Amino acid sequence: MSKYVLIGSEGCGSVIVELAMREVQAEFELEEIPYLEPGPDRDRLLELNPLGQVPTLIMPDGSVMTESAAIILHLADAFPDQRFVPSSSDPQRPGFLRWLLYINSEIYPTTTFADDPDRWKISETRSQEYKDAIDQYRMELWANVEQVADDPYFLGERLSAVDFYIAVMRHWRPGKKAFAKALPKLNTIADNVSRLPQFESILKRNFPDS
Ligand SMILES: N[C@@H](CCC(=O)N[C@@H](CS)C(=O)NCC(=O)O)C(=O)O
């Protein structure tokens, strides 16, 4: 069987998938590209994924998967010994799915939408105001996750893929410091994930300043 090829970029959502790949010890090659920069890498990415987003995963059979949550659920199917997605008979599964999807469908897009206000025809004079309003809304969305988070991981003793999102996304706007201040339980979860030996080097490489 040939390897997975994970197309990603430093500090991006592809890191969430990298953590999952590492956890199941999947054989994969990481192709880091400047995904927004016009050029051959972006042209190739757009051929594989019409949204031009990372993560984009080339499967061992050559087919393509996108959407981090879908990729994570696929890895759980492909590596049945994994523990980061509760099985269908596990009472923690409904809560896991709810918050996995909440983070993906409610929170993640707020980052994507605020990355480049110009894309949405927000004038330069209003772009900071626009970014700030979205940042504030994002923190309100995270507060709902904080409210139901357990300890030491989101689901309690069991490490899950929800923790991978928390450990990566706390570095995104408005930044790790603001995240830690507003969301102490989630910040502790992220610290706990970052200390796990299998993830330490991946997170350090992607977030060297933290
Ligand atoms: N729903 C996608 C979102 C991926 C996404 O937005 N990735 C960002 C980088 S972290 C991106 O590629 N943004 C560029 C764009 O949306 O144009 C997923 O979960 O994989």
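Side-chain atoms are counted along with the backbone in the values below, which use heavy atoms only and exclude waters and symmetry mates. Counting starts at 1 for both ligands and their atoms, in listed order. This structure is a prediction, so every number in the text was calculated from the model and none was measured.
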Which residue and atom name correspond to the protein heavy atom nearest [atom], and how close is it?
atom	value
atom 5 (C) of ligand 1	Tyr108 OH, 3.4 Å
atom 2 (C) of ligand 1	Glu67 OE1, 3.3 Å
atom 17 (O) of ligand 1	Arg119 NH1, 3.1 Å

*Passing option when Gln82 is tested against Asp77, Leu75, Val24 for side-chain contact (heavy atoms from CB on, under 4.5 Å)*: Val24
Heteroatom proximity flag, [X] to ligand 1, N/O under 3.5 Å:
X	result
Trp172	no
Val54	yes
Thr112	yes
Gln53	yes

*asked:* Yes or no: does Ala69 have any heavy atom under 4.0 Å from an atom of ligand 1?
replied: no
*Where does Ile71 meet ligand 1, judged by heavy-atom distances below 4.0 Å: at the side chain, the backbone, both, or neither?*
neither
*Where on Met65 is there a heavy atom closer than 4.0 Å to ligand 1, on the side chain, on the backbone, on both, or on neither?*
neither
*asked:* What I want to find out is whether Arg22 reaches Glu200 closely enough, with some N-O distance under 4.0 Å, to be called a salt bridge.
replied: no
Measure the shortest side-chain to side-chain distance between [X] and [Y] over non-hydrogen atoms and say whether it is less than 4.5 angstrom.
X	Y	value
Pro55	Leu6	yes
Leu51	Leu46	no
Ile7	Leu45	yes
Glu32	Val54	no
Pro34	Arg42	no

Could you check, using the six-membered ring where one of them is a Trp, whether [X] and [Y] have ring centers closer than 6.0 angstrom?
X	Y	result
Tyr108	Trp172	yes
Phe199	Phe164	yes
Trp120	Tyr130	no

List every atom of ligand 1 that sits less than 4.0 Å from any heavy atom of [X], numbering the atoms from 1 in the order shown and giving each element.
X	value
Pro55	20 (O)
Gly13	10 (S)
Asn104	19 (O)

_Please compare Phe113, Tyr35, Tyr165 and report which has the shortest non-hydrogen distance to atom 14 (C) of ligand 1._
Tyr35
_Selection from Ser68, Ser105, Gly52, Pro109 by shortest heavy-atom distance to atom 19 (O) of ligand 1_ = Ser68
